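The figures here come from the full heavy-atom set of this structure, side chains too, leaving out hydrogens, waters and symmetry mates. Keep in mind the model is a prediction, meaning the values are calculated, not measured. Sequence lines set the chain letters: A, B, ... in the order given, protein chains first and strands last, and positions in each chain run from 1.
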Amino acid sequence: MKDGYDPAAVETKWQRLWEERGTNRFTLEELRAAKDPYYNLMMFPYPSAEGLHVGNIYAFTGADVHGRYQRLRGRTVFEPMGFDAFGIHSENFALKVGKHPMDLIPSNVANFTRQLRRIGGMFDWTHSVDTTDPAYYKWTQWVFVQLFKAGLAERKEAPVNWCPSCMTVLSNEQVIGGECERCGTAVEQRRIAQWFFTITKYAQRLLDNLARIDWSEKTKKAQVNWIGRSEGALLRFPVIDAKGTETGRVIEVFTTRPDTAFGATYMVLSPEHPLVDKVLDPGLIAPVYAYRDKARQKDLVARQKIDKTKTGVSTGGYCRNPATGEAIPIWIADYVLMGYGTGAIMAVPGHDQRDFDFATQFELPIVRVVAGPGDAASTPLAEAYVGPGVLVNSGRFDGIDVSESVRVLTEWAAAEGWGEGQVNFRLHDWCISRQRYWGPPIPIIYCDACGPVAVPESDLPVVLPRVENFKPDDSGVSPLAREESWYRTKCPECGADARRETDVSDTFLDSGWYFLRYPSTDFDDRPFDPTITKKWLPVDSYIGGHEHAVLHLLYSRFITMALHDLGHVEFEEPYDVFRAHGLIIAEGAKMSKSKGNVIVPDPVIEEFGADTLRTYLMFLGPFEEGGDYRQEGIQGPYGFLHRLWDSVTSAVEGTPDPDVERKVHQTIRQLTEQLPELQYNTAIAALMECLNTIRAGGRAFVRAEVAPLVPLVAPFAPHIAEELWERLGHSASIFDGPNWPAYDESKLAETRVTIAIQVNGKLRASISVAKGAAEPDIVAAARAENSVSRHLDGVSERRVIYVKERLVNFVVG
RNA sequence: GCCGGGGUGGCGGAACGGUAGACGCGGCGGCCUCAAAAGCCGCUGUCCUAACGGAUAUGCGGGUUCGAUUCCCGCCCCCGGUACCA
């Protein structure tokens, strides 16, 4: 039965058998009855027209290796795959090639599916999802309706980022450095009424729960920063008129340093702050309006450039600093953002660098209210001082240390009635409206009498109609708003003429709950079955790209938490474990279409086979860090699989050599430890080393030596493993049973150890001794070595360091 | 600027504070073969030496230690994220 390794033949055979035998798929009954279920999730792809590149394959393979390992350990592993096919990518591409997304997506999905089968992923294709399928987005709309009914969806007019090229609104997250994430065009500001999920209501819980989920620290940290909790106080500054009388209006500010209130020498409103008109001196209307218009135009573009040179204008209005009782001027400036805090600040130029720069620019007073070590109350400031110290120029609070001054001043403001402690979050509400075509229509009907009404669940889905002209225009209204026959409808509550919402929802909503759907795709009368969901969720392992560390992962946590509160699921956190994979670069450079160095898998599989590609990708570097795909490097794993094939098919019966057997058991131990930790590159190196030992010097190897390597290599190279497993005499799939080998502690121990001999920390020799040899004997043997004794002659020995079974170090001098 | 992650042979990358460079690629020499594919054997950080053997080496500069790629302090550079967040 000795024949050559033919990857194409082996892979075709096993992919066919997996399909015929249903190796990787579950019936509903099997899902219900599964023993020791393990939900192995990976981020589903957007099915582009180009097909998968090795970057995608890398991520999926890493997750698949994990799933296959768990399965070999005896878990029942559910590993679904789907397609995130709505959204601006597909829509823009369709526009570009002049086709309809409804025609394009199915062929893209078919191509992706072909490629995913070809790399040997353990996917259950009977539980796939496609977010553009009405049978799926029916339930996406259902999720929206649940949140709407719970008061978590709000319609509000808000300044939004507008991309003049994509002609659509962008979320703050999609604006990168003032430019559109997708096309790089400078983003403008517009005000449009849109639907928001009030994720900010969950900010504290989203933050708190991070402590109890097993995610990479990096990812958690990114979420912590994104949520951006900061503690401080809300302070109220009364607006006064020219005579110094309070007008009844109040400027609210959020500050993390209420203790510096005595140093607040002016106020700054964001240019778009609603109070600007109220405090404005009529004589200054022209410059203030001019400034506001200018700020609006460059909004979110130039405003994100941090610049020492601040701009702004005085409104001519004043308010009273409640700490000092003094009148201070009110300015507007674009360094104060409407979207954070209250859109207004008390400026403390002595202790905030931005305020300091502004005050210097416009010659506003700068007062020191914190004295650092060695400073007096009158020590002038060359820049804002933010270090430790005590309060000064702060009336009866002088001398209080900054470590407690925030608390003391907050209590005082509260007692006086002009402020209280407050926690503020950087996190914004999640805008889900998109003035585009390619998404699920937001299931809302507007009725003049009843207001916005959710589409009744029995009427879902609101099907996205096939619209031939879906190109957005600069009117800013959704393409669906041009389809009168579609949007005209009756109010579900009162029956009056009404109008459908014509915006579609954000793709992050599609992906916000897809993991709930996979195990329940057998049901078309419910989004997720309670029993199945309880059995399979939360997700045991989630692997995906770090580019989704904040958005997708935060949004899906929020959706889950909301569904939990509404009684639909029993858990708050969707993913027990999350690990981010690294990025693959090619020949030392980032893969990109423009560089022309995008590696596509098909020709590689053609030449070397899927098993070799999978093994090579996992061998490139640490999975969580990524690696450099170099064309030539694939020869290593290719040769390794050939040698493995040769070894298994030509091995003879016999008794294993004890040294070789020890190596095999050490390898089993190493893989058993490293695979759950995703340390694939070193695990593969260990397998290669083990095979090298088995074959060393062309020795005759026996079956018992090589056989354990078959299950060990199976997660990486499942096809060849199946074939060799069969040739070893097994009739069932290697993955249908707990076939991971066990290692024997008693066979791990070395009989001899190599001891390094150093003199003053420099290696001079190494000796081999029997394990368990006594220290004095080892030191004596070490001393006897020529290359050691030569360095000990004529010098005085001060110390001898012995590290058990490792080294001897003679310290001389 | 801030927050992460990194800087190790020609290259990708290994190294519980204990023999730096595992494993692999590439290179060099040889074997097998009609030939190719696959495979097999040996060598391969740098410098000095005919050799034995030395010296030197993990971005840079210090420190702790018998001993530092690993720990500490101060820099430089690269990658990713983020950005006037009050």
Side-chain angles (χ1 to χ4, degrees), chain A residues 4-5 176-178 216-219 221-222 224-226 228 230 232 253-257 260 268 303-308 310 333-337 339-348 352-355 357-358 424-427 546-547 549-550 582-583 585 587-588 590 616 619-622 624-643 645-646 681-690 692 695-698 754-766 786-787 790 798-813:
Chain A
Y5 171 43
I176 309 296
S216 25
E217 280 310 308
K218 194 183 171 181
T219 313
K221 190 85 184 209
V224 169
N225 291 341
W226 194 261
S230 76
V253 300
F254 174 74
T255 175
T256 54
R257 295 297 303 272
T260 60
V268 188
R303 284 184 65 170
Q304 288 188 1
K305 293 267 176 280
I306 302 169
D307 199 341
K308 277 242 171 193
K310 299 281 187 277
D334 64 6
Y335 81 92
V336 175
L337 307 174
Y340 185 78
T342 63
I345 60 158
M346 65 171 198
V348 183
D352 180 287
Q353 192 57 41
R354 293 157 301 177
D355 298 342
D357 296 338
F358 189 84
N424 205 26
F425 293 93
R426 202 194 81 113
L427 182 68
H546 207 252
E547 66 273 20
V550 283
L583 290 180
I585 57 174
E587 313 293 336
K590 194 188 264 185
Y616 179 47
F619 181 63
L620 283 179
E624 294 179 70
E625 285 165 38
D628 187 1
Y629 187 99
R630 309 193 83 97
Q631 205 75 44
E632 310 144 335
I634 200 167
Q635 290 297 343
Y638 191 49
F640 167 69
L641 292 183
H642 271 280
R643 287 191 294 278
W645 176 279
D646 176 73
N681 60 329
T682 46
I684 292 168
L687 285 170
M688 290 172 165
E689 216 179 316
C690 184
N692 291 346
R695 296 168 63 93
T754 305
I755 309 276
I757 314 299
Q758 299 179 338
V759 179
N760 277 353
K762 282 188 200 228
L763 181 74
R764 295 302 175 186
S766 58
N786 251 339
S787 49
R790 124 178 59 201
R798 290 213 292 232
R799 252 179 99 180
V800 179
I801 311 273
Y802 173 68
V803 181
K804 190 166 186 289
E805 288 167 15
R806 284 235 171 234
L807 66 65
V808 177
N809 186 14
F810 296 96
V811 184
V812 299

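With hydrogens and angles ignored, no donor-acceptor pair under 3.5 angstrom links the side chain of A:Lys590 to the base of B:C79.
Listed candidates were B:A38, B:U82, B:C84. Nearest to the side chain of A:His642 is B:A38. Of the candidate nucleotides B:C23, B:C16, B:A83, B:C16 has the atom nearest to the side chain of A:Arg806. Here the side chain of A:Met688 is nearest to one of B:A38, B:G54, B:C23, namely B:C23. The side chain of A:Leu763 sits closest to B:U19 out of B:U19, B:G18, B:C85. Side-chain atoms of A:Asn809 lie closest to B:G18 of the nucleotides B:G18, B:U82, B:C25. Residue A:Phe254 places its side chain closer to B:A86 than to any other of B:C25, B:C84, B:A86. Nearest nucleotide to the A:Arg695 side chain, out of B:G54, B:A86, B:C40: B:C40. In the set B:C66, B:C85, B:A38, the nucleotide with an atom closest to the side chain of A:Ile801 is B:C66. The side chain of A:Trp226 has B:U82 as its nearest neighbour among B:U19, B:U82, B:G26.
Of the residues near RNA chain B, A:Asp355 and A:Gln758, the one whose nearest nucleotide (by heavy atom distance) lies more toward the 5' end is A:Gln758.
A:Asn692 comes within contact range of the sugar-phosphate backbone alone, with a heavy-atom separation under 4.0 Å but no base atom that close. Residue-level contact check: A:Arg798 touches neither bases nor backbone, having no heavy atom under 4.0 Å from any strand. Among the atoms of the strands shown, none is found under 4.0 Å from any heavy atom of A:Thr342. Counting any heavy atom pair closer than 4.0 Å across all strands shown, A:Gly633 reaches sugar-phosphate atoms only and no base atom. Within 4.0 Å of A:Gly697, counting heavy atoms only, lie sugar-phosphate atoms of the nucleic acid but no base atom. Residue-level contact check: A:Gly339 touches neither bases nor backbone, having no heavy atom under 4.0 Å from any strand.
Look at B:G62: its glycosidic torsion is beyond 90° from 0, and that puts it in the anti range.
Remark: A:Arg354 is not in phosphate contact with B:A86, judged by side-chain N or O atoms under 4.0 Å from OP1 or OP2. Within the structure, every side-chain polar atom (N or O) of A:Arg799 is placed at least 4.0 Å from both OP1 and OP2 of B:G67. For the OP1/OP2 pair of B:C23 and a distance below 4.0 Å, the side-chain nitrogens and oxygens of A:Arg643 include no atom meeting the criterion. Contact check, A:Thr754 against B:U19: no side-chain N or O comes under 4.0 Å of OP1 or OP2.
To the nearest 0.5 Å, atom NE2 of residue A:His546 and atom OG1 of residue A:Thr219 are 3.5 Å apart. For the atom pair CG (A:Asp352) and OG1 (A:Thr255), the distance works out to 8.5 Å, reported to the nearest 0.5 Å.
Note: NE2 (A:His546) to P (B:C79) measures 19 Å, nearest angstrom. B:C40 atom P lies 12 Å from atom CZ of A:Phe640, rounded to whole Å. A:Tyr616 has its OH atom 13 Å from the C1' atom of B:C23, to the nearest Å. The nearest whole Å value for the distance from the CD atom in A:Gln635 to the P atom in B:A38 is 6 Å.
Comparing B:G67 with B:U19, their P atoms sit 15 Å apart, to the nearest whole Å. Between the P atoms of B:C28 and B:A15, the separation comes to 30 Å (whole Å). Taking atom P on both B:G4 and B:C41, the two are 48 Å apart, rounded to the nearest angstrom. Look at the P atom in both B:C47 and B:G39: the space between them is 31 Å, to the nearest Å. Across the P atoms, B:G59 and B:A68 are found 15 Å apart, a figure rounded to whole Å. Separation of the P atoms belonging to B:G42 and B:U49 is 29 Å when rounded to the nearest angstrom. Comparing the same atom, P, in B:C25 and in B:C76 gives a spacing of 40 Å after rounding to whole Å. Of the P atoms belonging to B:C75 and B:C3, the separation is 13 Å, rounded to the nearest Å.
A cation-pi contact, defined as under 6.0 Å to the ring centre and within 45° of the axis, links A:Lys310 to A:Tyr335.
Checked against A:Tyr802 for a side chain to side chain contact (heavy atoms under 4.5 Å, CB included), the options A:Leu807, A:Asn809, A:Val808 give a single hit: A:Val808.
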Would A:Tyr340 and A:Asn424 count as a side-chain contact (heavy atoms from CB on, under 4.5 Å) here? Give the steps.
CA-CA 9 Å; A:Tyr340 185 78; A:Asn424 205 26; 3.4 Å; yes
Let's go through A:Arg643 and A:Tyr638 carefully: what are the C-alpha distance in whole Å and the side-chain angles of both, what is the deciding distance for side-chain contact (heavy atoms from CB on, under 4.5 Å) to 0.1 Å, and is it a yes or a no? CA-CA 9 Å; A:Arg643 287 191 294 278; A:Tyr638 191 49; over 6 Å; no
Each nucleotide of nucleotides 2-15 of chain B classed B (base within 4.0 Å of a protein heavy atom), S (only sugar-phosphate) or -, in 5' to 3' order, makes -SS------SBSS-
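Using N1 to N3 plus N6-O4 or O6-N4 for Watson-Crick, or N1-O2 and O6-N3 for G-U wobble, each under 3.5 Å, B:G39 pairs with B:C31.
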